[in-house]
Amino acid sequence: GPFSQIHPGVEVALEIGNRSAIIERLSRNEDDLTVMGVPPRGMDITSHPFAENPLVIVAQRGHPLSRLRRIPMSRLAGQPFLMREQGSGTRLAADRFLRDRGVRLDVKMEIGSNEAIKQAVAGGLGLSILSLHALGPDAAPSSLVALNVEGFPIRRHWYIVHPAGKKLSVVAQAFYAYLKAEGSQIKFPRLAGFSDHGGTVQRA
């Protein structure tokens, strides 16, 4: 929105898709720029991190674990989890993080939409791992809470991606610069109760 206001003569087209569809578009060089959480490996691309994209464990407000601090990962055993579909950037990052720590979750459902997952978690169907961005501008919807689990948030970023060697148009260069400038300003609120794992995101 602000970019369009600064450049009223520029028409912005946004294509949203799952990871496989976005990678396919990237391979065919169909877009000026691609924004994604986990740049694909093995492709001849250029990627630049431009904003924090921390992952947190989300529960229904009032869940028994929401009253605890520094929850060990072992307490997640047996808890039902609602996860993004296999292959999504969020799922890839979460699976990699948990695998490195020898943690296996009880995944009850795979859902291809953050909004659907939020509604399911709010309805008490289980926990989930989501980007803090997915919780909305205030990062604290009344029906959801990010749990204070040791090791979380998972530190990751949003990336600007394009094929290596691609000559960006003047407009694409302007939007690239805008994303880098604005992304560097994104800071999440420091809320009481979260252990500090090297970043600015703290959550109760």
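V10 and Y178 fall within the same hydrophobic cluster, where Ile, Leu, Val, Met, Phe, Trp and Tyr residues are linked whenever their side-chain heavy atoms come under 4.5 Å apart, directly or through other members. Side-chain heavy atoms closer than 4.5 Å link hydrophobic residues (I, L, V, M, F, W, Y) into clusters, and following such links, even through other members, never connects I117 to L92. Using a 4.5 Å cut-off between side-chain heavy atoms of Ile, Leu, Val, Met, Phe, Trp and Tyr, with links allowed through other members, L147 and M73 fall into the same hydrophobic cluster. Transitive grouping of hydrophobic side chains (ILVMFWY, heavy atoms separated by less than 4.5 Å) brings V171 and I6 into a common cluster.
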* To do: Evaluate the side-chain contact (heavy atoms from CB on, under 4.5 Å) criterion for residues D106 and F81: first the C-alpha distance (whole Å), next the side-chain angles of each, then the deciding distance (0.1 Å), finally the verdict.
  => CA-CA 6 Å; D106 183 11; F81 269 80; 5.7 Å; no

* From CA spacing to verdict: side-chain contact (heavy atoms from CB on, under 4.5 Å), R70, N148 -> CA-CA 5 Å; R70 298 184 63 81; N148 182 243; 3.9 Å; yes

* Check the pair I45 / L26 against side-chain contact (heavy atoms from CB on, under 4.5 Å), numbers first and verdict last. => CA-CA 9 Å; I45 58 173; L26 179 62; 4.0 Å; yes

* To do: Please step through ring pair (Phe, Tyr, Trp, His ring centres under 6.0 Å) for the pair F97 and F152, ending with a clear verdict.
  => CA-CA 10 Å; F97 176 86; F152 282 80; 5.1 Å; yes

* Asked: Is there a side-chain contact (heavy atoms from CB on, under 4.5 Å) between E15 and T34 once you walk through the steps?
  -> CA-CA 9 Å; E15 181 77 24; T34 299; over 6 Å; no

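Looking only at side-chain heavy atoms (C-beta outward), P153 and L55 stay at 4.5 Å or farther from each other. T46 places none of its side-chain heavy atoms less than 4.5 Å from the side chain of V161. I154 is not listed as a side-chain neighbour of P54, based on a closest heavy-atom distance of 4.5 Å or more. Considering only heavy atoms from C-beta on, F50 stays 4.5 Å or farther from Y159 through its side chain. You'll find the side chain of L65 stays beyond 4.5 Å of the side chain of I57, heavy atoms only. The shortest distance between side-chain heavy atoms of D32 and F175 does not fall below 4.5 Å. Residues F3 and E182 fail the side-chain proximity criterion, which asks for heavy atoms closer than 4.5 Å. Residues R104 and L98 have side chains not in contact (no heavy-atom distance under 4.5 Å, counting atoms from C-beta outward).
For the residue pair N29 and P163, the shortest heavy atom distance occurs at OD1-CG, 3.6 Å. The minimum heavy-atom distance between L33 and A172, with the atom names listed, is CD1-O, 3.6 Å. Residues A59 and H63 come closest through the heavy atom pair CB-CB, 3.9 Å. Between L82 and A120, the closest heavy-atom pair is CD1-CB, 3.4 Å.
Between the CG atom of L168 and the NZ atom of K166 there is a distance of 6.5 Å, given to the nearest 0.5 Å. Separating the CD1 atom in I22 from the CD atom in E30 is a distance of 9.5 Å, to the nearest 0.5 Å. Rounded to the nearest 0.5 angstrom, I129 CD1 and L127 CG are separated by 9.0 Å. Within the model, atoms OG of S143 and CD of Q60 stand 8.0 Å from one another, a figure rounded to the nearest 0.5 Å. A distance of 9.0 Å separates CZ of R156 from CZ of R96, quoted to the nearest 0.5 Å. To the nearest 0.5 Å, the span separating CG on L125 from CD on Q119 amounts to 10.5 Å.
E85 contributes no side-chain N or O that, together with a main-chain N or O of E110, makes up a donor-acceptor pair within less than 3.5 Å. Put simply, the side chain of S113 gets close to the backbone of E115: a donor and an acceptor are under 3.5 Å apart. At distances below 3.5 Å, not a single donor-acceptor pair connects side-chain atoms of N53 with backbone N or O atoms of W158. Side-chain atoms of K108 never come within 3.5 Å of backbone atoms of G126 as a donor-acceptor pair (strictly under, hydrogens ignored). Panel note: side chain H7, backbone G9; no donor-acceptor pair is recorded below 3.5 Å. Using modelled atom types, one side-chain atom of H133 and one backbone atom of E52 make a donor-acceptor pair closer than 3.5 Å. Without hydrogens or angle criteria, R19 side chain to Q86 main chain gives no donor-acceptor distance under 3.5 Å. In terms of modelled atom types and a separation under 3.5 Å, the side chain of S47 and the main chain of I160 share no donor-acceptor contact.
Checking R84 against N114 by side-chain atom types alone, a donor-acceptor pair falls below 3.5 Å.
For R75, the CZ atom is loosely surrounded, since the number of other residues' heavy atoms within 6.0 Å does not exceed 12.
Using a cut-off of 4.0 Å between Lys/Arg side-chain N and Asp/Glu carboxylate O, D95 and R99 are scored as not salt-bridged.
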